[in-house]
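Remarks on the structure that follows.
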Amino acid sequence: MILVRSILEKYPKEQRFLLAILQDIQRTYNYLPREALIEVRDYLNVPLSSLYSMATFYKALSLKPKGKYIIRVCDGTACHIRGSMNLLDEIKRLLSLSPGEVTKDGKFSLETVNCLGSCAIAPVMVINDKYYGNLNPSLVREILAEYAEKSGDENV
Amino acid sequence: MPKKAVMKMYENAKRTVLICCGTGCLANNSMQIYERLKKKVEDYGPYFQIIPVLKTTGCNGLCEKGPIVNILPDEIFYCKVKVEDVDEIFEKTLLKGEVIERLLYLDTATGRRVRSHKESEFFKRQLKIALRNIGQIDPGSIDDYIERGGYKSLKKALFEMTPEEIISEIERSGLRGRGGAGFPTGYKWKQARKINSFPKFIACNGDEGDPGAFMDRSIMEGDPHSIIEGMIIGAYAVGAEKGFVYIRDEYSLAVKNVSRAIKDAYERGFLGRNILGSGFNLDIEVVRGGGAFVCGESTALMASIEGKVGEPRVKYIRSTEKGLWGQPTVLNNVETWANVPVIIEKGADWYSSIGTEKSKGTKVFSLVGKVKNTGLIEVPMGTTLREIIFEIGGGITGGKRFKAVQTGGPSGGCIPEELLDLPVDFDSLDKAGSMMGSGGMIVMDESTCMVEVARYYLKFLSEESCGKCTPCREGIRRMLEILEDICAGRGREGDLELLLELSETVKEASLCGLGKTAPNPVLTTIKYFKDEYLAHIREKRCPAGVCKNLTSYRINPELCRGCGVCAKKCPAGAISGKPKSPYVIDTVKCIVCGACKEACRFNAVEVVGRR
């Protein structure tokens, strides 16, 4: 895996860069492929089991591929009391998707996050890097309809 | 307008246009406003005598009214600006100095539009120390920071003060850690300085994990140099030559701005070897967090910086003695570091004259939830909750009744109306069963269910518990199950007693702050809102209309005017009726989202018990 090697080369062989390396791999592949983890193991000389424990401990890392568009619904307290659960219900219903899952075509994945720090415009959701604030279920429907028209390969 | 006319009309004033590009404003297209205005100014560039300067800034705090455009030196403060307004702002305000009345800030307290934000109740009552530059400078420009007095304190510290003098100044100022625990900063530094073991480290905790809090995010995004200057002063005082800024993974803009600031500081000789010729060396690097709440805990954060799983350790030895890689480490929160340069500049006496006896200075809060002016505020310690919520915050939205304010995040508690006159400082909030925490302040009104809020926090904590201590890992889960049952209508007599008993064990037997404080949201809600718990358990009723199994909605035909707004807002198509006659909710289709209740201006939508 050439990409993994080019990520590893950026970092000295020290354990303290492990999290950063895994995050770069996550960003490149949208998950942590097993082959990539094996290369990290050999590079840093750490057991694969400790990579597994990192991957399952940190929310930013995942062992399964994520969708092209990652929908993150904020469920911070401010969003929660302003009805974030209703947004989530609407997305679940529209995409037949539960948090943590990916649609069959690999286009969308759905996650809840604890707080995006945008509490003043609650409730908030983020699709990839685009923020949507002051939402309600009908706005969510409109926004998802826009994305549904986009092909899975297109960039936002 | 013909371009030639511009030259004649344009006065000889040097104008600066500050466009807020905090996350709140960005979500409302402030970047497009900037781009469009920039293009306008460029097009007319040669015709200006003095070209207006456009700057994107960090968060002004008044996110509710964003996007915000602030024009200096006129002090014209425009709110809720749309891209379509840009041409008018350019032609009227930038060219002629005229004010566009409709874009001015509408003061909720007086009902009048005010020209400058400084005249509004929201800003007038604030005192900005940690947020001093935010909204006034371009966070990407080190020159902007220097122009406002930045890095002056660093020079003073390096060349006019000994490390001991710096520590004593910080100690005398009474500065306490802003991350939540309120540990005296000067004392922490003194301990780390005393130990004769090198290398030493400093670190900045930017892993702002409390839901409902975004103070640190705004400082990192809006004024990153204030943190770096504070850290350099701190490192010099304790004798550290290596520093880390640990930033939450979700905060991509903060990572970008802090990284850029570090790079610029190196270029100007504020970081690196032989800083400003003083012989002092310091390297600082950014570490991205991995999205784990517990990593905000000091020892877990350090494990994470070392590239390990972020599990806390026992703290019989403090981090000032054995922290990162077993070496002395000073870890302070973002806001604490940002206060340091001001204390060095203006002195401990000045700083300690602000605040209460045991809590000095100011505190930044993110005021959010069901309050009119949501956003970021900074007030002197000792300001009462009532002043914050009703005077600065403008009161509750939609004419509803205040119910509680939640402070301190998942470790804090809910404070009821009768305690609103409590002065906000570290000790009084503790006494009320809550805590200051990092500064999240979430206002709840009568449509918030306190049992559900307790359930929410325990759900959060059960997911974020690292699993090391059994009482925390298992205890929180059992408590959550009980609360889920209560919210679903399966509550039983004895549940409250069991919750209280479990709370005690979790508090006593967990290692770190997460577990020790986890029961707080449950304990405070039981203490102050017991009747709501009893309504759920005994009457199978959710008074706020939030718990879906215990709620259905009904339109009161006597109050309904038949305007049909509810039917339009209903996402499930459950409301039907003819204009001007009462509408009806089909309880089979109804998803109990409350959109109709929120939308009805005549209070005709009523919460009734289980369907």
Side-chain angles (χ1 to χ4, degrees), chain A residues 11 14-24 26 44 46 50 53-61 72 74-87 89-90 93 111-122 124 126 129-141, chain B residues 23-24 26-28 62-64 66 208-214 216-218 248-252 287-293 304-311 366-370 374-376 406 409-410 440 442 444 447-448 453 456-457 460 463-464 466 569 571-572 591 593-595 598:
Chain A
Y11 295 97
E14 291 173 42
Q15 191 185 353
R16 72 183 182 99
F17 297 109
L18 177 54
L19 181 56
I21 291 170
L22 294 178
Q23 282 173 323
D24 284 357
Q26 174 82 37
L44 290 180
V46 286
S50 76
S53 81
M54 292 286 281
T56 48
F57 182 84
Y58 290 107
K59 269 196 190 157
L61 307 174
R72 293 187 293 167
C74 182
D75 193 26
T77 322
C79 289
H80 187 80
I81 65 167
R82 285 203 191 174
S84 57
M85 284 301 102
N86 294 325
L87 308 183
D89 287 347
E90 188 68 9
R93 198 174 64 84
E111 293 170 8
T112 58
V113 289
N114 285 334
C115 183
L116 293 163
S118 307
C119 320
I121 51 168
V124 176
V126 177
D129 279 326
K130 176 120 175 83
Y131 279 74
Y132 298 91
N134 294 315
L135 291 175
N136 58 44
S138 356
L139 280 171
V140 166
R141 212 179 309 158
Chain B
T23 313
L26 277 180
N28 286 318
L62 196 59
C63 312
E64 180 72 22
E208 187 170 52
D210 283 1
F214 57 104
D216 297 346
R217 167 192 190 128
S218 296
R248 238 185 121 196
D249 181 57
E250 287 86 342
Y251 288 1
S252 48
V287 176
R288 275 179 294 157
F293 175 71
S304 186
I305 290 181
E306 292 175 15
K308 300 177 187 152
V309 163
E311 281 178 0
S366 70
L367 184 61
V368 296
K370 307 285 184 75
T374 54
L376 210 61
Q406 207 280 346
I442 299 128
M444 301 172 178
S447 64
T448 313
V453 166
Y456 164 82
Y457 278 115
F460 177 95
E463 283 167 9
E464 295 296 345
C466 77
K569 290 273 173 177
I591 56 167
C593 70
E598 204 67 29

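Residue numbers begin at 1 in each chain, while the letters A, B, ... track the order of the sequences. This structure is a prediction, so every number in the text was calculated from the model and none was measured.
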Would you name the heavy atoms of [X] and [Y] that are closest together and state the gap between them?
| X | Y | answer |
| --- | --- | --- |
| A:Ile121 | B:Gly24 | CD1-CA, 3.9 Å |
| B:Arg288 | A:Asp24 | NH2-OD1, 3.0 Å |
| B:Ala292 | A:Tyr58 | CB-CD2, 4.0 Å |
| A:Ser53 | B:Val309 | OG-CG2, 3.4 Å |

Option that, when pairs with chain B are counted at under 4.5 Å, heavy atom only, ranks first among [options]:
| options | result |
| --- | --- |
| A:Glu14, A:Arg141, A:Glu90 | A:Arg141 |
| A:Leu19, A:Asp129, A:Leu18 | A:Leu19 |
| A:Gly83, A:Ala20, A:Gly76, A:Ala78 | A:Gly76 |
| A:Thr56, A:Asp75, A:Asn136 | A:Asp75 |

Interchain contact, [X] with chain A, by part (heavy-atom threshold 4.5 Å):
| X | result |
| --- | --- |
| B:Glu464 | side chain |
| B:Ile442 | side chain |
| B:Ala595 | neither |
| B:Asp216 | neither |
| B:Ser304 | both |
| B:Ser366 | neither |

Nearest 0.5 Å, what's the [atom1]-[atom2] distance between [X] and [Y]?
| X | Y | atom1 | atom2 | answer |
| --- | --- | --- | --- | --- |
| A:Arg82 | B:Glu598 | CZ | CD | 9.5 Å |
| A:Cys115 | B:Phe293 | SG | CZ | 10.5 Å |
| A:Asn134 | B:Asn28 | CG | CG | 6.5 Å |
| A:Asn86 | B:Ile591 | CG | CD1 | 6.0 Å |

When only pairs under 4.5 Å are counted, which of [options] shares the most heavy-atom pairs with chain A?
| options | value |
| --- | --- |
| B:Met444, B:Glu208, B:Lys308 | B:Lys308 |
| B:Gly310, B:Gly66, B:Cys63 | B:Gly310 |
| B:Gly212, B:Gly289, B:Gly290 | B:Gly290 |

Sequence neighbours excluded, which residues qualify as ring-ring contact (aromatic ring centres under 6.0 Å, His included) partners of B:Tyr456?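 If we apply the ring-ring contact (aromatic ring centres under 6.0 Å, His included) test to B:Tyr456, skipping adjacent residues, the hits are A:His80.
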Measure from the side-chain N and O atoms of B:Asp249 to the backbone N and O of A:Ala60, and report whether any donor-acceptor pair falls under 3.5 Å.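 Absent.
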Are the side chain of B:Arg217 and the backbone N or O of A:Ser118 linked by a donor-acceptor pair below 3.5 Å?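 Between the backbone of A:Ser118 and the side chain of B:Arg217 there is no qualifying donor-acceptor contact (under 3.5 Å).
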Let's go through A:Lys59 and B:Glu250 carefully: what are the C-alpha distance in whole Å and the side-chain angles of both, what is the deciding distance for salt bridge (charged side-chain N to carboxylate O under 4.0 Å, His left out) to 0.1 Å, and is it a yes or a no? CA-CA 10 Å; A:Lys59 269 196 190 157; B:Glu250 287 86 342; over 6 Å; no
Sub-4.5 Å side-chain heavy-atom contact between B:Phe460 and A:Thr77: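 In short, these two side chains do not touch, never coming nearer than 4.5 Å.
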Side-chain contact, heavy-atom cut-off 4.5 Å: B:Lys370 with A:Ile81?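 In short, these two side chains touch, coming nearer than 4.5 Å.
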